[in-house]
Amino acid sequence: MTTSITTIVRDPLVSTSATYEQVNWRSVWNDFPLLKQRVYSKPLAYLDNAATSQKPRAVIEKIEHYYRYDNANVHRGVYALSERATQAYEASRDKVKGFLNAARREEIVFVRGTTEAINLVAQSFARPRLKPGDEILISTMEHHSNIVPWQIVCAQTGAHLKVIPITDSGEVKLDAYRQLLSNRTRLVAIAHISNALGSILPVQEMITMAHTQGIPVLLDGAQAAPHIAVDVQALDCDFYAFSSHKIYGPTGTGVLYGKYSYLDEMPPYQGGGDMISQVSFEQTLYNTLPYKFEAGTPNIAGAVGLGAALDYVDSLGLVNITRREQELLEYATEALLSVKGLRIIGTAKHKASIISFVLDSAHPHDISSILDREGVAIRAGHHCAMPLMDRFGIPATARVSLAFYNSEDDIERLMVGMKHVQALFG
Ligand code: PLP
């Protein structure tokens, strides 16, 4: 059943990146059909990229091509169509391997997204290892997806969740982290970049500190993978999770990277077709990695679309993307700070292109609604980080999150909208 997989022609991610100067940053938005629309007769300024990103034509066309010409179930059919579908699906795995610089393709598991990846690690890695009194360490900045799975597994095992405190600017307190690491700590699970504040966590340092005590580390890379280059071997993280839809790929697909030695000894997360090598009513033998963790028909088109998204990102170059987004971050930060009474929540020294803010005079939801009438889409709310909001003593923030396809013009539109907010709320 899985024998054809090992003979697939590999299509690794070969870097074709342009130089920074070669990319026309003002016109890359042309690659994204959705961005060309008008909202309330105004040009759309899409500034909610941390929630989900828009899709380039190359991704949309790849998915259409897959369904038009190659659609069949993978790993099962001994006929041309199924082999093509399998080849496309497995080629995407190789692209992800190259994208993360993983050592082996078996370390790349396709899942539904970051949320499922973390739940998989919680149930399949942590649960069998945890005993009453053991500890899992997370930070104050986590998305609910990197809090609740650990609360569930703690309730199942009698382990405790410990939280690393942060400073008022939104940086991890490393001294407190050092003190929290103990012989009871079984896992550290932290965001690579905070979705609500934009803080880039000092993950390299934090991994080294944890490993000194033999503690494995999971990085929630949902916000990092689209914005900064990730090298799981250089980081030496034990698990890395990210979602396709935030990196210009389709929804419903994501990736769990895990070190081979850990994945190999973990029991399956779900049972079903494809994750087995042999089944009888008496006993079942599980499939090899990574298929042991991919029960049932996978999101084939999703994986294929993710592969196209990674090719697209690679054509621009993640290093260039980071640089462009830092320019936009600086431009937008300066512009927003000119608004009277506006306070930025999250002023870490190292930040990705996310700006959370509050205004004395207007609730974030009012800000977002007024901006919407100007064609400017931003997010308002707790950003699935309620404990973080509590830390800052606020119920919500307004959040601008920028992608490389945004421009200074989008930020000018944001500022026009902010003038309306000021006019209405003072
Ligand atoms: N972690 C972080 C930091 C996020 O920003 C998000 C989504 O916003 C998630 C996890 C969950 O991602 P998904 O909903 O794609 O599973």
Side-chain angles (χ1 to χ4, degrees), residues 46-55 59 96 109-123 136 138-152 163-164 166 170 172 188-201 203 206 217-228 230 237 239-257 269 293 298-299 302-303 305-306 309-310 325 345-346 348 350-356 377-389 391 396-403:
Y46 183 75
L47 304 178
D48 192 19
N49 294 284
T52 197
S53 61
Q54 300 306 338
K55 318 305 170 201
V59 169
V96 176
V109 179
F110 284 123
V111 288
R112 273 196 303 128
T114 307
T115 304
E116 188 174 47
I118 296 172
N119 276 279
L120 193 164
V121 177
Q123 289 301 315
I136 304 268
I138 63 172
S139 88
T140 310
M141 278 180 277
E142 301 311 319
H143 187 282
H144 296 162
S145 295
N146 200 28
I147 301 174
V148 184
W150 307 117
Q151 288 175 329
I152 292 172
V163 183
I164 312 159
I166 57 168
V172 161
V188 173
I190 46 170
H192 195 167
I193 291 180
S194 155
N195 68 306
L197 305 181
S199 316
I200 304 176
L201 279 77
V203 291
M206 293 176 80
V217 179
L218 173 143
L219 294 183
D220 169 354
Q223 296 297 337
H227 303 295
I228 56 176
V230 176
C237 58
F239 297 100
Y240 199 94
F242 75 92
S243 300
S244 155
H245 71 98
K246 295 193 199 277
I247 186 164
Y248 318 108
T251 52
T253 302
V255 170
L256 171 67
Y257 158 83
Y269 176 53
F293 292 110
N299 185 347
L306 171 61
L310 296 184
E325 291 176 348
I345 308 293
H350 300 291
K351 270 189 72 170
S353 50
I354 291 173
I355 310 169
S356 256
I378 69 158
R379 176 58 64 96
H382 51 64
H383 315 295
C384 296
M386 283 184 179
L388 180 65
M389 297 295 121
R391 159 65 180 82
T397 72
R399 183 187 70 184
V400 168
S401 53
L402 301 147

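From a predicted model like this one, the values you see are computed outputs, not experimental measurements. For ligands, and for the atoms within them, numbers begin at 1 and follow the listed sequence.
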query: Okay, side chain of S243, backbone of H245: is any donor-acceptor separation there less than 3.5 Å?
result: no
Can you give me a line-by-line list of nitrogen or oxygen pairs between ligand 1 and the protein shorter than 3.5 Å?
| unit_1 | atom_1 | unit_2 | atom_2 | d |
| --- | --- | --- | --- | --- |
| ligand 1 | 1 (N) | D220 | OD1 | 3.2 |
| ligand 1 | 1 (N) | D220 | OD2 | 2.5 |
| ligand 1 | 5 (O) | Q223 | NE2 | 2.7 |
| ligand 1 | 8 (O) | H143 | NE2 | 3.4 |
| ligand 1 | 8 (O) | K246 | NZ | 2.5 |
| ligand 1 | 15 (O) | S243 | OG | 2.7 |
| ligand 1 | 15 (O) | H245 | NE2 | 2.7 |
| ligand 1 | 16 (O) | T114 | N | 3.4 |
| ligand 1 | 16 (O) | T115 | N | 2.9 |
| ligand 1 | 16 (O) | T115 | OG1 | 2.5 |

task: Name all residues meeting the ring pair (Phe, Tyr, Trp, His ring centres under 6.0 Å) criterion together with H143; count only those two or more places apart in sequence or in a different chain, and write none if there are none.
output: none
message: List the residues meeting ring pair (Phe, Tyr, Trp, His ring centres under 6.0 Å) with H350, not counting sequence neighbours, and say none if there are none.
response: none
query: So, does S244 use its side chain to make a donor-acceptor pair with the main chain of P250 at under 3.5 Å?
result: yes
task: With sequence neighbours left out, write down each residue that passes ring pair (Phe, Tyr, Trp, His ring centres under 6.0 Å) with H192, or none if nothing qualifies.
output: Y240
message: How about CZ on R112, more than 12 heavy atoms from neighbouring residues, nucleotides or ligands closer than 6.0 Å, or not?
response: no
